[in-house]
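What you see is a predicted model; the values in this text were computed from it and never measured.
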Number of protein chains: 2
Amino acid sequence: MNYQVELRHFIYFLAVAEELHYRKAAEKLFISQPGLSTQIKQMEEILQTQLFVRDKKKVRLTPAGEFLKKEVEFILNHLDQTKKQLKLIGHGHMGEVRIGFLGSAMQNVVPDLLVGLKEKYPLLHTTLEELSNRAQMNAILSDRLDLGFVRMSRVPKGLEVKPVFEDTFSLVLPQDHPIDSKNFKSIDQLVLEDFILFAQDYSPEYYDTVLSICEDSGFVPKVSHKSVHAQTIFKLVENKLGIAIVPTTLQHGFQMEVKFIEMKQIKQRAVLSMVWKADNRNPALKNCMDLLLKL
Amino acid sequence: MNYQVELRHFIYFLAVAEELHYRKAAEKLFISQPGLSTQIKQMEEILQTQLFVRDKKKVRLTPAGEFLKKEVEFILNHLDQTKKQLKLIGHGHMGEVRIGFLGSAMQNVVPDLLVGLKEKYPLLHTTLEELSNRAQMNAILSDRLDLGFVRMSRVPKGLEVKPVFEDTFSLVLPQDHPIDSKNFKSIDQLVLEDFILFAQDYSPEYYDTVLSICEDSGFVPKVSHKSVHAQTIFKLVENKLGIAIVPTTLQHGFQMEVKFIEMKQIKQRAVLSMVWKADNRNPALKNCMDLLLKL
DNA sequence: TCTACTTGATAATTCATAGTTATTAAATAA
DNA sequence: TTATTTAATAACTATGAATTATCAAGTAGA
């Protein structure tokens, strides 16, 4: 004799409990009446409890049957809900993506991604953390983050990287500086200035790129200040403590009294890339990245 | 292909999710490893969601699998609980018995039953309602009560009745009445008194019995007052508005200034019976009655 | 009270499939 | 390299769910 109730029993039981009529219940279930009868009988044996009374051909529930009916309804409903949610999670429409980013990605790429996700996968949660390039990669390797936005083209083994946004560089000058977009020709007009840059260990590739821009014009910049926050850099420029070279999109989103001169003619670009762990199994991550590449 | 998950799948899934090792999980389940493998695979197909990652022979849960694990734990626990409760209800150890009773049953039978039930079936609930003989029988017929305590030996079709307590009758007299247990010989000493009795329609058999007691002594009592409450009857006797004949056990449980004279020598007895519906399916009722007959 | 028609239960049989054994491929470990 | 361990696959077995055929008991209508 079988020793375990199955969901099949519950579904059959519920049909009989609702119809209180074996033949009709069997029809509803698309099985034969004798099959249904034996399954219900077997169920009563497994549970060691009588669920129905068959009195003069009238089928009725016992008190235990009434109780079980409520519970079975609950269990089957809960199971339905679970199956739906499971599918959503399995297909990356639900769940959580943990995202890290450089401050400079907060101007366009990250907000666009969040808006896109919200629209396409309203049940998907995101957590955001502003971190340095290195901190992001460590967090991704230790599975504390799913996705990072960095300015790095080479990443440690186990990680993958892909550019998502290319930006020109812009000169940042105090508002009353003699150089402006009209008379600006080349970066070597600013050989004598102090430079304010993002800290080397916060974003090494940015740092190297800026140095290479100057090198292409034949000079080595005098770096007077370093910072990890764009806000700080702009404040220093505003106060005439130096000039800066930053990705152009940074000119939006800050309250400041400085002027931007976009240097379209130089070949270097500020590349923002996404980074993730090659074997990350979060299905939401894939959807996230697919959406990002479509933007 | 199968189109329905079964509890079997859930139990297998949980074993693999806990062990993260097919062979070990299969051993724990006392089935073969290939059988387990195919069942899990089939489960993933039915749910259209990958639950495990098999990476270089390491078995791990996907995010969807993690989610399902929690849900399956809940469902299986809930089911266990339900099975236990179902068995208790089915065997009448849990649930509710709705009891009706005459006020005069509140002295011994009903309290004894309640104490006994509490001890033997602590999970069983009881509801109590004081009602007339007729009201109890109607309530039982319409399935509003499971069990009644009445003073009736004949009951309508569909009901069953069984005596549970036999009591002598007692005379109730004012404290300073000339008759006392010493000089009392026969009821005909009280021919001239006014009688106070329980109302005829509240308890017809009691009324008839009292009349037959008097008839046996060769007189018809003069009935001056009728009441449905013992308390009222005693108050009236106390105030010398008449004398009463009541079941002897009523002398306990009331604060009153009257004297009782037990009439052991007369043949009539006040019989308290339990009544129930022949086809009542409440399993707790049977336990209730069995216990009552053992008291 | 007879007949016709329900109802659910039982018996015999069929058939789907859960679970078996045997084997393989791939990954570690020695 | 070889030995061992892993999960997956293939072929087969056997359990038991579901089927058809039938029955007994009850109900309804004349």
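- Separating the CD atom of Glu45(B) from the C1' atom of dT17(C) is a distance of 14 Å, rounded to the nearest angstrom.
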Base-contact (B) and sugar-phosphate-only (S) positions in nucleotides 20-25 of chain D, heavy-atom cut-off under 4.0 Å, - elsewhere: BB----
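- Computed from coordinates, the Tyr22(B) OH to dA27(C) C1' distance equals 17 Å when rounded to whole Å.
- Distances shorter than 4.0 Å separate some side-chain N or O of Ser37(B) from OP1 or OP2 on dA8(D).
- Between the side chains of Gln39(B) and Gln42(B), a donor-acceptor pair is found at a separation under 3.5 Å.
- The closest side-chain donor-acceptor pair between Ser37(B) and Gln33(B) falls under 3.5 angstrom.
- When rounded to the nearest whole Å, the span between CD1 of Ile40(A) and P of dA18(D) equals 11 Å.
- When rounded to the nearest whole Å, the span between CD of Gln42(B) and P of dA8(D) equals 14 Å.
- Distances shown here put a side-chain N or O of Arg23(B) below 4.0 Å from the OP1 or OP2 atom of dT6(D).
- Counted by atom type alone, Glu96(A) and Thr127(A) present zero donor-acceptor pairs between their side chains at under 3.5 Å.
- Side-chain contact between Leu124(B) and Leu88(B): absent, with no pair of heavy atoms (C-beta onward) separated by less than 4.5 Å.
- With contacts defined as side-chain heavy-atom distances shorter than 4.5 Å, the pair Leu7(B)/Gln4(A) qualifies.
- The shortest distance between the side-chain N/O atoms of Lys24(A) and the OP1/OP2 oxygens of dT7(C) is not below 4.0 Å.
- Residue Lys41(B) contributes atom NZ, which lies 11 Å from atom C1' of dA10(D) at whole-angstrom precision.
- With a 4.5 Å cut-off on side-chain heavy atoms, Leu159(A) and Met137(A) count as touching.
- Rounded to whole Å, atom P of dT19(D) lies 10 Å from atom CD of Gln39(A).
- The shortest distance between the side-chain N/O atoms of Arg8(A) and the OP1/OP2 oxygens of dA17(D) is below 4.0 Å.
- Considering only heavy atoms from C-beta on, Lys120(B) stays 4.5 Å or farther from Asn287(B) through its side chain.
- Going from atom CD of Glu6(A) over to atom P of dT17(C) covers 14 Å, rounded to whole Å.
- At a threshold of 4.0 angstrom between heavy atoms, the contacts of Phe52(B) with the nucleic acid are absent.
- Tyr12(B) has no side-chain polar atom (N or O) that falls below the 4.0 Å cut-off from OP1 or OP2 of dA18(C).
- Each of His21(B) and Thr38(B) was assigned the nucleotide of DNA chain D with the nearest heavy atom; the assignment lying further toward the 5' end belongs to His21(B).
- At whole-Å resolution of the value, CG in Leu7(B) and C1' in dA18(C) are 15 Å apart.
- Nucleic acid contact class of Lys58(A) (heavy atoms, under 4.0 Å, all strands): none.
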